[in-house]
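Shown next, in structure tokens, is the structure this report addresses.
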Amino acid sequence: MNDMRKVERDVDAREVKISARDCQVWYGDNHAIKDVNVDIEEKTVTAFIGPSGCGKSTFLRCLNRMNDMIDNCRIEGTITLDGQDIYDPRVDPVQLRAKVGMVFQKPNPFPKSIYDNIAYGPRIHGLARGKAELDEIVEKSLRRGAIWDEVKDRLDAPGTGLSGGQQQRLCIARAIATQPEVLLMDEPCSALDPIATAQVEELIDELRKDYSVVIVTHSMQQAARVSHKTAFFHLGNLVEYGETGQIFTNPRDPRTESYITGRIG
Amino acid sequence: MSFIPVFVLILLWLALQGPVITAIVMNSLPDGALEGLDSGARQLIQAEISSIAAGNIFGTPEPWKMEAARQLVRLHDISVWALLAITLGLSGALVLFSRRRVSAEFRARHGVERIVSGLMIFCAVVAIFVTLGIIGSLLFETLKFFEKVPFTKFLFGINWEPQIPIREGQVAAAGAFGWVPVILGTMVITVVALVLAVPVGLMSAIYLNEFAPKWFRATAKPLLEILAGVPTVVYGFFAILVVAPVIRDFGQSLGLDVSPNTALAAGGVMGVMLIPFISSFADDALSAVPQALREGALGLGATRAEMMTTVLFPAAIPGIVGGVLLAVSRAIGETMIVVMAAGLMAKMTINPLESVTTVTVQIVTLLIGDTSFDNPKTLAAFALGMMLFIVTLVINVFALRIVRKYREAYD
């Protein structure tokens with residue numbers, strides 16, 4: 001499995017970007033996340049793996065407070081971003097989400113032009129002064145999203161008219177345009193074909209130079225290919241968290257081993 | 001399925017037996033009984049015979065009528081028994097026939113599907129033909145009207161005084177058929193209604209869809225739907241007994257000259273009627289916007305307000321516009337509220353505090369009472385109806401085009 005890795009894993013300790021302590025999540029009476037402790041490092045790709053319904057997406061959505069929108073969702077414990085508790089009442093979730101961007105499972109471009117899709121975040125956050133600066137941000141984001149060459153001649157075309165893989169890269173570029181510090185990706189490749197998946201994975205590898213990337217994935221190969229660190233969730237518990245290489249070659253917990261060898265899931 | 005032919009036969013038989021038997025009876029009347037009578041008198045005799053046959057004998061009818069009635073009853077009995085016999089025989093034959101057809105290779109579904117699809121085509125065609133029939137009759141009467149009143153005078157005339165003298169020398173208005181003040185009244189009331197209904201309807205839809213807690217939504221939506229189910233007559237009461245006096249008193253306390261039947265009262269109440277209409281359309285349009293788009297916007301750090309105005313609204317606008325335009329055509333065509341609460345006199349005014357009349361009100365007043373159908377006053381109602389039909393048709397077509405054009409903008 002090691003030969004599939006695209007990333008060189010440097011083991012030197014990095015700074016912790018996001019830290020969760022004793023995190024609990026309930027949906028009504030359903031205890032979805034139990035006692036999760038995790039440190040997500042800066043400029044690292046962290047993968048969350050685990051069987052369906054194990055809580056990995058739920059936990060991911062806690063990291064930028066997207067669960068606030070769900071009526072009966074209750075969260076306990078602390079999650080800090082750069083040492084600041086993100087569930088502190090003084091923290092505005094809107095501003096948090098500008099810092100912690102998110103890419104969703106299904107590509108969700110707005111029914112606007114490609115340009116307006118990318119410019120959406122910069123516009124609402126006032127990142128650009130004037131049209132020229134905005135143009136520059138759009139171009140830069142599209143280039144970073146590895147989609148510039150495909151769309152540069154039709155920035156006025158609707159974003160919904162692109163293919164699935166292009167739409168997903170557009171959504172990634174849209175998230176980048178807001179200049180987040182952390183990028184959360186919730187199964188970004190599950191709706192894509194292998195070629196588009198490979199493009200997105202290359203992109204993730206590119207992004208880790210500047211961002212912390214947290215990716216939820218169903219594909220263990222994908223986790224092995226793109227991530228430095230892997231967390232294995234099972235039934236709402238964080239079972240094991242460590243170096244990706246170690247998790248896949250030498251798991252400590254028998255449940256992790258069962259999952260990656262395909263016996264549970 | 002083998003009973004369909006039998007069923008059709010029974011229907012046809014029952015439909016035709018009456019006229020056929022009557023014709024036989026009428027033809028077998030003694031010579032001279034119908035001599036020199038016109039069709040009205042013949043029908044009278046026919047009706048008399050039928051009522052004798054049904055047992056209602058008044059006075060002492062002529063013997064030949066009694067004889068005819070007895071023959072009618074006899075023929076009727078024969079017809080019923082014949083129908084019974086033929087039905088049973090045919091059913092038996094068909095059952096035998098179908099039993100012979102039934103086999104492993106027999107595909108009954110194809111036949112059934114053909115019959116059902118035929119039925120559906122028939123239903124669709126019925127609706128279309130009824131519409132064409134309505135247009136046809138309307139058009140016919142309208143053309144008769146325009147033979148008496150020039151088209152340009154109708155379309156551009158600014159005087160609407162349909163009371164024309166019925167007899168020589170009567171003191172009455174000369175009769176003027178300019179529809180401009182009437183349609184202007186309709187427009188004033190429509191605008192008043194929409195000014196109330198569109199913002200309130202949209203806001204309530206947005207609140208219910210995006211902000212309201214579940215229990216509130218579960219209570220408020222059915223209540224709004226009750227509002228949609230209130231008969232317009234009841235809205236009319238409300239307008240005339242509650243809203244109009246309030247507006248009048250309020251206006252007078254401000255020193256304004258307010259007429260008792262204001263466009264404001266009628267339009268305002270009509271607006272209340274349209275609120276559930278607009279809010280349910282807008283609600284549907286907002287619900288149809290995928291959750292993924294909302295999350296996408298929020299995930300980029302948009303506030304809820306920014307999400308609403310920049311993503312949700314543009315995506316939902318076709319549905320909303322479609323709903324508003326349908327509400328417009330309902331407001332234009334609404335009759336009962338304005339009959340009760342708006343005025344009867346046509347006035348060239350856009351002041352909502354004055355009394356105005358509408359196209360629908362005029363149609364109603366023109367057709368009420370005994371008037372002959374070759375009178376321009378009566379025919380004017382059809383011309384107004386035709387114009388109303390055209391206006392609402394144009395708006396509906398426009399609305400449907402907008403809805404269709406942008407329907408799948410997202411997905």
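In the text below, chain A, chain B and the rest are named by the order of the sequence lines, each starting its count at 1.
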- Message: Taking CZ in B:F398 as the centre, count heavy atoms belonging to other residues, nucleotides or ligands within less than 6.0 Å. Is the count above 12?
- Response: no
- CD (B:Q291) and NZ (A:K106) are apart, to the nearest 0.5 Å, by 11.5 Å
- Message: Other residues, nucleotides and ligands only: do more than 12 of their heavy atoms fall within 6.0 Å of CD1 on A:I195?
- Response: no
- Query: Any idea which of B:P314, B:G299, B:P213 has the most non-hydrogen atom pairs under 4.5 angstrom with chain A?
  - Reply: B:G299
- Give a yes or no on whether B:I350 atom CD1 has more than 12 heavy-atom contacts from other residues, nucleotides or ligands under 6.0 Å away. no
- Heavy-atom distance under 4.5 Å to chain B: side chain of A:V103, backbone, both or neither? neither
- Item | Atom pair OG1 (B:T310) and NZ (A:K112), whose distance is rounded to the nearest 0.5 Å | 5.5 Å
- Query: For A:R61, is it the side chain, the backbone, both or neither that has a heavy atom under 4.5 Å from a heavy atom of chain B?
  - Reply: side chain
- Take atom CZ of B:F211 as the centre, draw a 6.0 Å sphere, and report whether it contains more than 12 heavy atoms from other residues, nucleotides or ligands. yes
- Of all of A:R65, A:Q95, A:M69, which one pairs up most often with chain B through heavy atoms under 4.5 Å apart? A:M69
- Task: Starting at OH of A:Y120, measure out to CG of B:L300 and round the result to the nearest 0.5 Å.
- Result: 7.5 Å
- Query: Is it the side chain or the backbone of A:K99 that comes within 4.5 Å of chain B heavy atoms, both, or neither?
  - Reply: neither
- Message: Taking atom NZ as the centre, does A:K140 end up with more than 12 heavy-atom neighbours from other residues, nucleotides or ligands that are less than 6.0 angstrom away?
- Response: no
- Task: Compare every heavy atom of B:A302 with every heavy atom of A:V94, then report the nearest pair and how far apart it is.
- Result: CG2-O, 4.1 Å
- Task: Count the heavy atoms of every other residue, nucleotide or ligand shown that sit under 6.0 Å from CD of B:E113, and state whether that count exceeds 12.
- Result: yes
- Query: Is the side chain of A:N108 donor-acceptor paired with the backbone N or O of B:A292 at a distance under 3.5 Å, no angle test?
  - Reply: yes
- Task: Measure the spacing between CD1 of A:I124 and OG1 of B:T303 and express it to the nearest 0.5 Å.
- Result: 7.0 Å
